[in-house]
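Following: one structure in structure tokens, then a few remarks.
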Amino acid sequence: MAKKREIKEYSTDPAAQQMLIRAEELGIGTAFTRADNMVPCNIGGAGMCCKQCGMGPCRLTKNGEVGVCGATLDTIQARNLTRAIAAGGAAHSDHGRDMAFLLKATAKGEAEGYSIRDVAKLRMVASYYDIKVEGRSPEEVANDLADLYIAQFGQQRGEVAPAVRAPKKRQQVWREQKVWPRGVDREVVEALHRTHIGDDQDPAHILNHAVRTALADGWAGSMIATDISDILFGTPAPLLGQANLGVIKEDMVNVVVHGHEPSMSEMLVAASQSPDIIAYAKAAGAHGINLSGICCTANEILMRQGIPAAGNFLHQELSIMTGAVEAMVVDVQCIMQALVGLAQNFHTKIITTSPKVKIKGATHIEFDEQKALTIAKEILKTAIDNFKNRESAKVRIPQIKESVIPGFSHEYINYMLGGSYRASFRPLNDAIMTGRIRGVAAIVGCNNPRSSQDYLHNLVVKELLKQDVLVVQTGCGAIAAGKLGLMLGEAGLSEVGSGLREVCETVGIPPVLHMGSCVDNTRILTVLTQMVEEGGLGDDIDQVPAVGLAPEWMSEKALAIATYCVASGAYVIFGGASPVSGMPDRVSDSDLVLKYISEGWEKQYGGKLEFIPDPQEMIFKSLEHIDKKRAALGLPAWEKDKFGRSGDAKMNELEKLPLAEKREAIYGLAAD
Ligand code: SF4
Ligand code: MSK
């Protein structure tokens, strides 16, 4: 039976709550109400349904039951999970492929408006693959790098090249387990082949290929996307931005950019700043043009250009409901089909731009890198022309927004810890080794309307911060913390454990580091690798006191990320429902896959994937794992409040003392 939740149960974000009240007033459905009405199928949800052929679908609900072809529950679950991982990896990697083609076009001078903005990063990335850089122009180097990266997708034999950036010991694990990906496309195709009716029917063997496919995503497709985005648009460094629906401006033409690939959104940013477009907007009666982002596109332009984020995944419908959005421009991934119907209640145009994504009823203006700036201007002019159709009586913009400091690329973290001349992860490793920082948590991933928006993300973040765990974030989780004000220096520190606070104050960083979009989870792989290479925290990623969490996951991409992180040695905890839970109370052999991706993968890779719906258990298991890794490294056990009275905090306390006591405490001078 469908159960209607209260608005405060839908979202912990006050801006979202205002918009959801508005939706009720207008009688408009959203993902939140649709989630109430759509009772999830508990057979499919637990991975117990197979639709792989026309003899089914087969629903396995009884102990020992098999499908028409004889497939067992564990085989069906392994196949379903592998297909989801392949789809997620394909999405990230296809994004990476487009970026590689864009790099090639830019190198050849065929991409209008694009240039190589970060030559230092280009040279550094090229050097990983022994591409000659000395005495060559950036375009020549970029051309070779683009060719090498394009080849990673179609490569049939051998090993994908970017994975050589993993720790040496990890590379050995992948070779031993025979999971080093050959080429991105080959692994995805093979995943689909193996899971077809009548193919691979050993769950462990199927899941090993899921690992290989996921590694092709993390250590090739996604890593390529991140590298090239930095080369073309600049490696992120901290800057001041804003997040939440309050960034939408009543007196401006509002264009919300939603999706994933920065190729289009960066060009829209450039076009929005051009004098002819600003003049066009003013001529239409607006004060100018105001760009903001949703989902990972938001992260891409927030961390590089300071363009504000209107919100995360569940804000896409709510932003339109402000009544002040002239156009929502989308490219690929995480775009709800409901947007078109919702927008018909307002004047908002939904503009699709990717040759891969059309939505019935939306306006399609296809993006083409060869005339990118021209098309970006056409899109903005379409939005500006729509400004006159805005109905002021329908405008309700929640006046809620928070400042954020995003842009903590691994290059910047390295620099900030040591400066230009001694950039290093040494201070971070030292802080972990002494126990000032207990460990590191990467808290990433989506929103899911089946749980209260941002609640699980922010609860887990806040509790781990109190325990001196440094938090890094990407994707919609990063925007959740940003909206809450956790991505600011001073503002984020009041609730942070004393040891971590001391490090943040000394280095001058927020306790939660925004590291980018979904594909930028590869930055986290790089940070972990560099921590290993720095020394003192073991010789592989599985020894670092670190954990990965996706408390509100919903997409297949999240499953691909989880799997490549596990295969890289990380303990990954997902909130919400497990897609392979298999109702253990009703089917005795159903926990095989569930156990295999935890205990089995831990034996093979040192990392494991678990689904834990209870946030307190998520926190407990994270800390337990971090402490276990500390003990295995022979590091001192973490002690609450052991640190925190040196540096700025101690000086501030001393400043409050009477002069004589202060002289004694600081200089050791006896009172007169
Ligand atoms: Fe049923 Fe087997 Fe076909 Fe799946 S592959 S639908 S289990 S017959
Ligand atoms: S956008 S995949 S909802 S994080 Fe990358 Fe957010 Fe998840 Fe999409």
Side-chain angles (χ1 to χ4, degrees), residues 31 43-44 47-61 65-80 83-84 87-92 95 194-201 206 217 222 225-226 257-262 265 293-300 302-303 309-317 330-336 442-451 453-454 456-457 473-482 514-522 548-562 574-576:
I43 299 169
M48 299 161 68
C49 174
C50 180
K51 296 186 293 173
Q52 245 81 312
C53 87
M55 294 187 282
C58 299
R59 298 174 308 281
L60 273 52
T61 57
E65 198 173 15
V66 294
V68 174
C69 67
T72 56
L73 180 62
D74 44 13
T75 293
I76 288 172
Q77 286 183 325
R79 289 199 301 219
N80 288 340
R83 284 202 163 203
H92 287 142
H95 165 172
R194 285 203 201 192
T195 54
H196 183 272
I197 161 90
D199 275 302
D200 204 354
Q201 286 153 56
I206 297 169
D217 172 4
S222 286
T226 298
V257 190
H258 172 25
H260 279 78
E261 293 181 5
S265 51
I294 292 278
C295 275
C296 282
T297 285
N299 287 319
E300 298 277 2
L302 171 70
M303 67 182 170
N312 44 8
F313 177 66
L314 287 175
H315 268 38
Q316 59 186 286
E317 293 177 289
V330 303
D331 56 6
V332 292
Q333 301 167 27
C334 303
I335 302 147
M336 292 190 194
I443 304 178
V444 307
C446 323
N447 288 140
N448 187 328
R450 299 218 173 270
S451 61
Q453 184 192 14
D454 299 346
L456 290 173
H457 273 299
Q473 293 205 271
T474 61
C476 290
I479 299 175
H514 184 307
M515 291 194 73
S517 64
C518 292
V519 291
D520 292 336
N521 284 308
T522 61
L549 297 115
E552 299 178 25
W553 80 279
M554 63 88 198
S555 78
E556 291 169 315
K557 291 181 289 172
L559 293 169
I561 294 167
F574 269 36

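From a predicted model like this one, the values you see are computed outputs, not experimental measurements. Order of listing sets the numbers, starting from 1, for every ligand and every atom in it.
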Give a yes or no on whether the backbone of Glu552 and the side-chain of Asn447 come within a donor-acceptor separation of less than 3.5 Å. no
With a 4.0 Å cut-off on heavy atoms, does His196 reach ligand 1? no
Asp200 side chain vs Arg194 backbone, donor-acceptor pair below 3.5 Å: no
Distance alone, cut at 3.5 Å: any donor-acceptor contact between the side chains of Lys557 and His260? yes
When you measure from the side chain of Asn521 to the backbone of Cys518, do you find a donor-acceptor pair of N or O atoms at a distance under 3.5 Å? yes
What are the protein N, O or S atoms, given as residue plus atom name, that sit under 2.8 Å from atom 5 (Fe) of ligand 2? His260 NE2, Cys296 SG, Cys518 SG
In this structure, are over 12 heavy atoms from other groups packed under 6.0 Å from Arg450 atom CZ? yes
Check whether any side-chain heavy atom of Val519 sits under 4.5 Å from a side-chain heavy atom of Glu261, and report yes or no. no
Have a look at Arg59, Arg79, Lys51, Gln201 and point out the one with the heavy atom closest to atom 5 (S) of ligand 1. Arg79
In a check of side-chain contact (heavy atoms from CB on, under 4.5 Å) between Ile76 and each of Val66, Leu60, Thr195, which one passes? Leu60
May I ask you to test the Thr297-His258 pair for a side-chain heavy-atom distance under 4.5 Å? no
Backbone N or O of Glu300 within a donor-acceptor pair of the Ser517 side chain at under 3.5 Å? no
Taking only non-hydrogen atoms of Gly445 and a 4.0 Å limit, the atoms of ligand 2 in range are 4 (S)
Counting only N and O atoms by type, is there a donor-acceptor contact under 3.5 Å from the side chain of Gln316 to the main-chain atoms of Phe313? yes
Heavy-atom contacts with Met554 under 4.0 Å: which atoms of ligand 2 show up? List them by number with element. 3 (S)
Tell me the protein N, O or S atoms under 2.8 Å from atom 2 (Fe) of ligand 1, in chain and number order. Cys69 SG
Locate the shortest heavy-atom distance separating Met303 from Gly516; write the atom from each residue and the value. SD-CA, 3.4 Å
